Every structure is written in C-alpha cells, then in structure tokens.
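What follows is a set of notes on a single structure, which appears directly below.
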Amino acid sequence: LKDVMCLYEMGIPAISPSSESTWIPNTVLEDILKRFKRVLICFDRDGPGVRNLRKISLKTGLEPMLVHKKWKAKDISDAIAKNGFENIKNWLHETLKINR
C-alpha cells in the first residue's frame, strides 16, 4: 500500500494485491486492461517478489518491472526514503516514458 500511495503522488495510477503471492482475479485484470494502455507489475526486489513477478508476468503477459539496483532499495517507497522523492519520480517518468 505504501508503494501505491507513493506512485499516486507521482501521478502514476496503481493498485496492490494483499500480497505478492495473491492472484488478481481475471475479471479484475480484464477491467484494468480495458481502462489502461499500459499495465506493469512492480513487486519487491527480493526472492518472493521476483519469483511471483516472473510467474504472473509469464502467465498474463503483463510487463514486469523492478526498482533498479542502483537505488539500493527493494521497492518504490524504500527507494524514495533512501534517494529522495524527486530522484525516484524523475527516474520512473524517464524509464516509463511518462510525459509530465
């Protein structure tokens, strides 16, 4: 939920399952895919996060994304805490090619 709130503050819509091992129901996923041009999966950069990111990405075809290693953080909120809001916002907007 912290990551969703951080992304919202950056102008990036996001949702979060209750855990990285929770499956998003097909009806919910279909609705999301109708509403948004691009949908990414961004889980924690740790063992369970990477495993489930790969599993869900392979099953759904959704684009996977991890916080870059250079930020020395496992998720968006940790990256912000360690590197600053504007640095991470700029990185995400550049990486995702988001117009400001």
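Both backbone and side-chain heavy atoms feed into the values below; hydrogens, waters and symmetry mates do not. This one's a predicted model, so the numbers in the text were calculated from it and none came from an experiment.
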- Task: Evaluate whether atom CZ of R38 has more than 12 neighbouring non-hydrogen atoms of other residues, nucleotides or ligands under 6.0 angstrom away.
- Result: yes

- Message: In the structure I gave you, are the side-chain heavy atoms of E9 and C6 within less than 4.5 Å of one another anywhere?
- Response: no

- Query: Are M5 and I88 connected in the hydrophobic side-chain network, where two residues link if heavy atoms are under 4.5 Å apart?
  - Reply: no

- Message: Can a donor-acceptor pair be found, under 3.5 Å and without considering hydrogens, that links the side chain of N83 to the backbone of W71?
- Response: yes

- Item | From N90 atom CG to T95 atom OG1, the distance as rounded to the nearest 0.5 Å | 10.0 Å

- L7 vs L92 side-chain heavy atoms within contact, under 4.5 Å: yes

- Query: Do the non-hydrogen side-chain atoms of M10 and I80 ever get within less than 4.5 Å of each other?
  - Reply: yes

- Nearest atoms (heavy-atom pairs only) where A14 meets V4: O-CG1, 3.5 Å

- Rounded distance [0.5 Å steps], CD1 in I24 versus CD1 in I56: 6.5 Å

- Are I15 and L40 joined in one hydrophobic group, where the rule is that I, L, V, M, F, W and Y side chains link up if heavy atoms are under 4.5 Å apart? no

- Item | In one Ile/Leu/Val/Met/Phe/Trp/Tyr side-chain cluster, 4.5 Å: F85, I12 | yes

- Note on the structure: When every non-hydrogen atom of D75 is compared with those of V67, the smallest separation belongs to C-CG2, 3.5 Å

- Message: Starting from V28, can I reach I41 by hopping between I/L/V/M/F/W/Y residues whose side chains sit under 4.5 Å apart?
- Response: yes

- Item | Heavy-atom pair with the smallest gap, counting every atom of P17 and F43 | CG-CE2, 4.4 Å

- NZ on K72 to CZ on R45, rounded to 0.5 Å: 11.5 Å

- Note: K59 and W23 closest approach over all heavy atoms is CD-CH2, 3.3 Å

- Are side-chain heavy atoms of R54 and V50 found at a separation under 4.5 Å? no

- Item | Results of side chain to side chain contact (heavy atoms under 4.5 Å, CB included) for Y8 - residues two or more places apart only | none

- Query: So, for C42 and L53, which heavy atoms are closest and what is the spacing to 0.1 Å?
  - Reply: N-CD1, 4.3 Å

- Message: Within the supplied structure, the quantity of interest is the number of heavy atoms (other residues, nucleotides, ligands) at a distance under 6.0 Å from K70 NZ; does it exceed 12?
- Response: yes

- Query: Can you tell me how far OG of S77 sits from CG of L1, rounded to the nearest 0.5 angstrom?
  - Reply: 10.0 Å

- In Å and rounded to the nearest 0.5 Å, what is the CD1 to NZ distance from I76 to K89? 13.5 Å

- Message: Test of understanding: with side chain to side chain contact (heavy atoms under 4.5 Å, CB included), list the residues that count as partners of V39, not counting sequence neighbours.
- Response: I32, L33, F36, L62

